[in-house]
Amino acid sequence: MSSAETPTPRGPVDSSRIPRYAGPATYARLPRLDEVGGKTDVAVVGVPFDTGVSYRPGARFGGNAIREASRLLRPYNPAQDASPFALAQVADAGDIAANPFNINEAVETIEAAADDLLGSGARMMTLGGDHTIALPLLRSVAKKHGPVALLHFDAHLDTWDTYFGAEYTHGTPFRRAVEEGILDTEALSHVGTRGPLYGKQDLTDDEKMGFGIVTSADIYRRGADEVADQLRQRIGDRPLYISIDIDCLDPAHAPGTGTPEAGGMTSRELLEILRGLSSCNLVSADVVEVAPAYDHAEITAVAASHTAYELTTIMSRQIAEARRVTEGSAAK
Ligand SMILES: N=C(N)NCCCC(=O)O
Ligand SMILES: [Zn+2]
Ligand SMILES: [Zn+2]
């Protein structure tokens, strides 16, 4: 697209003119998708679905809790020296209406809605919902990019086989994804893993699927920068999907979640690792498992809103850079 055709992105509501607590909550007070002509570079989309949980329910309310908490975000991100909402169009695409009484149908609905958004040329920043939703999102991403590298931030492996005979649950999306061949098995990592397992076999199975593990204790011992360097090397220039279960954070940093585990990373460590990945080719991402009923003072929703902000910044910077390269060569 030439510079004449690239419209100036429409940014958030100006919080110096309209108090940030006024008006309906879109993510970061950004325009809705219909307010930018139905086309955007990055679509922030909610998936209010939590029928796949194995313990506390409530992540269906996560997306809107993150939107509410995101009212306080400001337009310039100093940590990545970027104004994400000026570099590219970021818009709130609303929610995907998934059937709460039929998981299989919900999974199909999510995949179809993702196909539409990705097909329009957008990258997705999805706000869950429970972790079940990562599977249909990955299916859709793989249709567009082929098997993708996966960085999975989570206390849990989420590579278990079934729960009560169900294959689509929040503890099983990544085993299904490996079985379906939609992940690049050379570049799969869990980050923040900890807590009790069903047995040692869980780890053996997980390793056979191709996953590497950076435990939360590894992050504490080695530091965020070194961990980010190692992950970046493993990912290289592959198309990358980042899936962030907010329970990767310690319950002190994210009490509002369904399956909390003690001994997790801090929100500072999570944000720093993400910033260290800013050069990766991030094609889409999700933040899941925010369950506001167990939250206090929006601790979890604020952490999730900032997490999505770093991810959105990475995507916007890359979109702007790609545009600069194309427009530069078109001008010659
Ligand atoms: N994806 C999340 N948050 N949790 C999975 C835990 C599955 C279990 O109950 O063993
Ligand atoms: Zn988890
Ligand atoms: Zn999870």
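Counting starts at 1 for both ligands and their atoms, following the listed order.
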Aromatic ring proximity Tyr241/His145, centre distance under 6.0 Å: no
If you compare all heavy atoms of Thr313 against all heavy atoms of Tyr309, which two are closest, and at what distance to 0.1 Å? OG1-O, 2.7 Å
Heteroatom proximity flag, Trp160 to ligand 1, N/O under 3.5 Å: no
Side-chain donor-acceptor pair present, His253, Ser267, cut-off under 3.5 Å: yes
According to a 4.5 Å side-chain heavy-atom criterion applied to Ile, Leu, Val, Met, Phe, Trp and Tyr, with indirect links allowed, do Leu137 and Ile103 form part of one hydrophobic cluster? yes
Using a strict 4.0 Å cut-off to heavy atoms of Asp247, name the atoms of ligand 1 that fall inside it. 2 (C), 3 (N)
The atoms of ligand 1 lying under 4.0 Å from a heavy atom of Ser54, numbered in the order shown, are 6 (C), 7 (C), 8 (C), 9 (O)
Note: Arg234-Asp184 ion pair, threshold 4.0 Å (strictly below): no
Just to be sure I read this right, does ligand 1 sit under 4.0 Å from the backbone of Asp130, its side chain, both, or neither, counting only heavy atoms? neither
Does a donor on one side chain sit under 3.5 Å from an acceptor on the other, for His156 and Asp158? no
Is the closest side-chain donor-acceptor distance between His152 and Ser189 under 3.5 Å? no
Report, in ascending order of atom number, the atoms of ligand 1 lying under 4.0 Å from any heavy atom of Thr259. 2 (C), 3 (N), 4 (N)
For Arg29 and Ser15, does a side-chain donor sit closer than 3.5 Å to a side-chain acceptor? yes
When you measure from atom 2 (C) of ligand 1 to each heavy atom in His170, Arg56, His152, which option holds the nearest one? His170
Short list, please: which atoms of ligand 1 are under 4.0 Å from a heavy atom of Glu289? 1 (N), 2 (C), 3 (N)
Basic-acidic side-chain contact under 4.0 Å: Glu111, Arg139: yes
Starting from atom 5 (C) of ligand 1, which protein heavy atom do you reach first, and at what distance in Å? Asp158 OD1, 3.3 Å
Using heavy-atom distances, let me know which of Tyr163, Phe174, Tyr55 sits nearest atom 7 (C) of ligand 1. Tyr163
Minimum-distance protein heavy atom relative to atom 10 (O) of ligand 1: Tyr198 OH, 2.4 Å
Looking at Arg232 and Asp237, is there a salt bridge between them, counting it only when a charged N and a carboxylate O are closer than 4.0 Å? no
Pairing donors with acceptors under 3.5 angstrom, does anything connect the side chains of Ser243 and His131? yes
Going by chain and residue number, what protein N/O/S atoms come nearer than 2.8 Å to the Zn ion (ligand 3)? His131 ND1, Asp154 OD2, Asp158 OD2, Asp245 OD2
